[in-house]
Amino acid sequence: MLPPSLPRTGGPRDADVSIRQTDVDAAGARLSAVQRNYIRDPFIRFLVPRAHLQSPRPPLINIGTYVRSAAIDELVTQWLTLSEKEGTKCQIVSLGAGSDTRFWRIETGPHRESLSAYFELDFPEVTTKKAMAIRKSKELSAVLGDRDAVHLEHGGMALHAPRYHLLPVDLRLPPTQALAPLFSGSSSPPILSPTLPTLLLSECVFVYMSPTSSQALLRWFVDYFSSRSEAGASVLGGVVYEMFGLGDPFGKVMLQNLKSRGVSLPGADPYPNKESLPNRFRQYSFTTSQALTLREIRTAFIPSTEQERISRLELLDEIEELELVLEHYAITWGLKVPTETSLSADWNSWGLKEQTDERPGGEDGE
Ligand SMILES: C[S@@+](CC[C@H](N)C(=O)[O-])C[C@H]1O[C@@H](n2cnc3c(N)ncnc32)[C@H](O)[C@@H]1O
């Protein structure tokens, strides 16, 4: 039986097919960047049907995927490392996770022990498909741990493992109705601990929903953690990756192209320029909130050794076009440190740092 928070198919939400299809594009782009040696990800091929038949994407898309992955990997790795310094484990909640493989990369990487639990949320159609792919792949299943401890729920739409939870939900629904039962449900304690450092990831998701819906989501998470502060609520972080500044000619063409595919981007409206992006978190009194465009990240935040390696992978003629595209995508991060809490790690150091040395990095930071 469907939990009450899930939409029935056949209703008005069938217009969401195009939004769900964006996951196929995102996974295809990631696979392509792996095939062309931009990034390493041994797991993505198990989540893309007929992966061996997929053709690689153009260099411009591969470079964009690389820059975005390198930056978010870096933020996640720092989060895991800071939790270690704090002497605690942390949680990661990935909103609109689609076919993302980050959980598997963390679990097979050096910071595995820092992770208490990883949550992935998406439409039921997407989580069902992912749960089936996980069950079918011995490589993905092996990482989840003891097979007896892994179980499907809600007719195969949800999957639970000791440290991994795949949860079906329409994120536009009121969070008290949609999120509260997923995370707390009848289980005691709730599967989402209110007292561990928790990082929210939203990679190309909020942009597909109204600002009111994404604000309600963030507000719910802020309240979930701060209302328990006496019990030792901890640090809350957020990372949002998406398009912005779509009022210019480039943005108008992008909106028009997407419209022809049945996709609109209402979530971009409050963000006409880079300066407006940190408002995403500032409106909830996050201690820190910053944004960088992918263009800025590519030039100043990717180590030069990596920039050279990438430049040798494929011939790129359209450098101006690349820069135009990259300056319409940004990563925004925000940090909320509870007051009156003594912390041993320097959480305020969390963020992307300009590269002045030859530090290795860029690929799967986990
Ligand atoms: C562009 S894909 C990105 C997937 C993944 N975050 C990544 O970066 O590879 C957008 C994802 O957000 C999900 N999504 C968009 N709106 C949603 C909503 N209202 N509820 C649940 N999931 C949603 C889509 O189904 C899709 O999987």
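Indexing begins at 1, ligand by ligand and atom by atom, following the structure's order.
The proximity of Asp100 to ligand 1, defined as any non-hydrogen pair under 4.0 Å, does not occur for either the backbone or the side chain. Neither the backbone nor the side chain of Leu201 comes within contact range of ligand 1; no heavy atom lies under 4.0 Å. The proximity of Ala97 to ligand 1, defined as any non-hydrogen pair under 4.0 Å, is limited to the backbone.
Near Arg172, meaning under 4.0 Å from one of its heavy atoms, ligand 1 places the atoms 19 (N). Each of the following atoms of ligand 1 lies closer than 4.0 Å to a heavy atom of Ala26: 9 (O). Taking every heavy atom of Arg20 and a limit of under 4.0 angstrom, the matching atoms of ligand 1 come to 25 (O). The contact set between ligand 1 and Val169, taken as ligand atoms under 4.0 Å from a residue heavy atom, comprises 20 (N), 21 (C). Distances below 4.0 Å separate heavy atoms of Asp23 from the following atoms of ligand 1: 2 (S), 4 (C), 26 (C), 27 (O).
Pairs of residues two or more places apart, or lying in two chains, that qualify as ring-ring contact (aromatic ring centres under 6.0 Å, His included) and include a residue from residues 286-311 are Phe281-Phe286.
In the candidate list Ala29, Gly96, Ser94, Gly98, Gly96 is nearest to atom 6 (N) of ligand 1, counting heavy atoms. The option with the heavy atom closest to atom 26 (C) of ligand 1, from among Val263, Val126, Asp122, is Asp122.
The shortest N/O to N/O separation between Asp170 and ligand 1 falls below 3.5 Å. The shortest N/O to N/O separation between Thr22 and ligand 1 does not fall below 3.5 Å. Checked by distance only, ligand 1 and Leu121 stay at 3.5 Å or farther apart across all their nitrogen or oxygen atoms. Between Ser99 and ligand 1, no N or O atom pair is found at a separation short of 3.5 Å. At under 3.5 Å, not a single nitrogen or oxygen of Val205, backbone or side chain, sits near a nitrogen or oxygen of ligand 1. Considering backbone and side-chain N/O of Arg68, one or more are found under 3.5 Å from N/O of ligand 1.
Here Asp23 does not pair with Lys130 in a salt bridge; the nearest charged N to carboxylate O distance is not below 4.0 Å. With respect to the salt-bridge test (charged N to carboxylate O, under 4.0 angstrom), the residues Lys353 and Glu74 do not qualify. Classification of Glu296 and Lys274 as a salt-bridged pair holds, one side-chain N sitting under 4.0 Å from a carboxylate O. Under 4.0 Å is where a charged nitrogen must lie from a carboxylate oxygen, and between Arg105 and Asp73 at least one such pair does. Under 4.0 Å is where a charged nitrogen must lie from a carboxylate oxygen, and between Arg102 and Asp41 no such pair does.
Residue contacts with ligand 1 include Ile19, since one of its heavy atoms falls under 4.0 Å from the ligand.
Checked against a 6.0 Å centroid threshold, the rings of Phe46 and Trp104 do not count as neighbours. Taking the centre of each ring, Trp79 and Trp333 stay at or above the 6.0 Å mark. Phe119 and Phe183 have their aromatic ring centers within a separation under 6.0 angstrom.
Protein heavy atom closest to atom 10 (C) of ligand 1, with residue, atom name and distance, is Cys204 O, 3.2 Å. For atom 18 (C) of ligand 1, the closest non-hydrogen atom of the protein is Phe123 CZ, 3.3 Å. Ranking protein heavy atoms by distance to atom 20 (N) of ligand 1, first place goes to Leu171 N, 2.9 Å. Ranking the protein heavy atoms by distance from atom 3 (C) of ligand 1 puts Glu203 O, 3.5 Å first.
Listed here is the closest heavy atom pair of Leu47 and Ser99: CD1-O, 3.4 Å.
Other residues, nucleotides and ligands contribute more than 12 heavy atoms inside 6.0 Å of the CZ atom of Arg112.
Checking Glu120 against Tyr164 by side-chain atom types alone, a donor-acceptor pair falls below 3.5 Å.
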Distance-only criterion, 3.5 Å: show the donor-acceptor pairs between side-chain atoms of residues 197-205 and protein atoms not counting sequence neighbours.
| unit_1 | atom_1 | unit_2 | atom_2 | d |
| --- | --- | --- | --- | --- |
| Thr198 | OG1 | Gln91 | NE2 | 2.8 |
| Thr198 | OG1 | Leu196 | O | 2.7 |
| Glu203 | OE1 | Arg68 | NE | 3.1 |
| Glu203 | OE1 | Arg68 | NH2 | 3.0 |

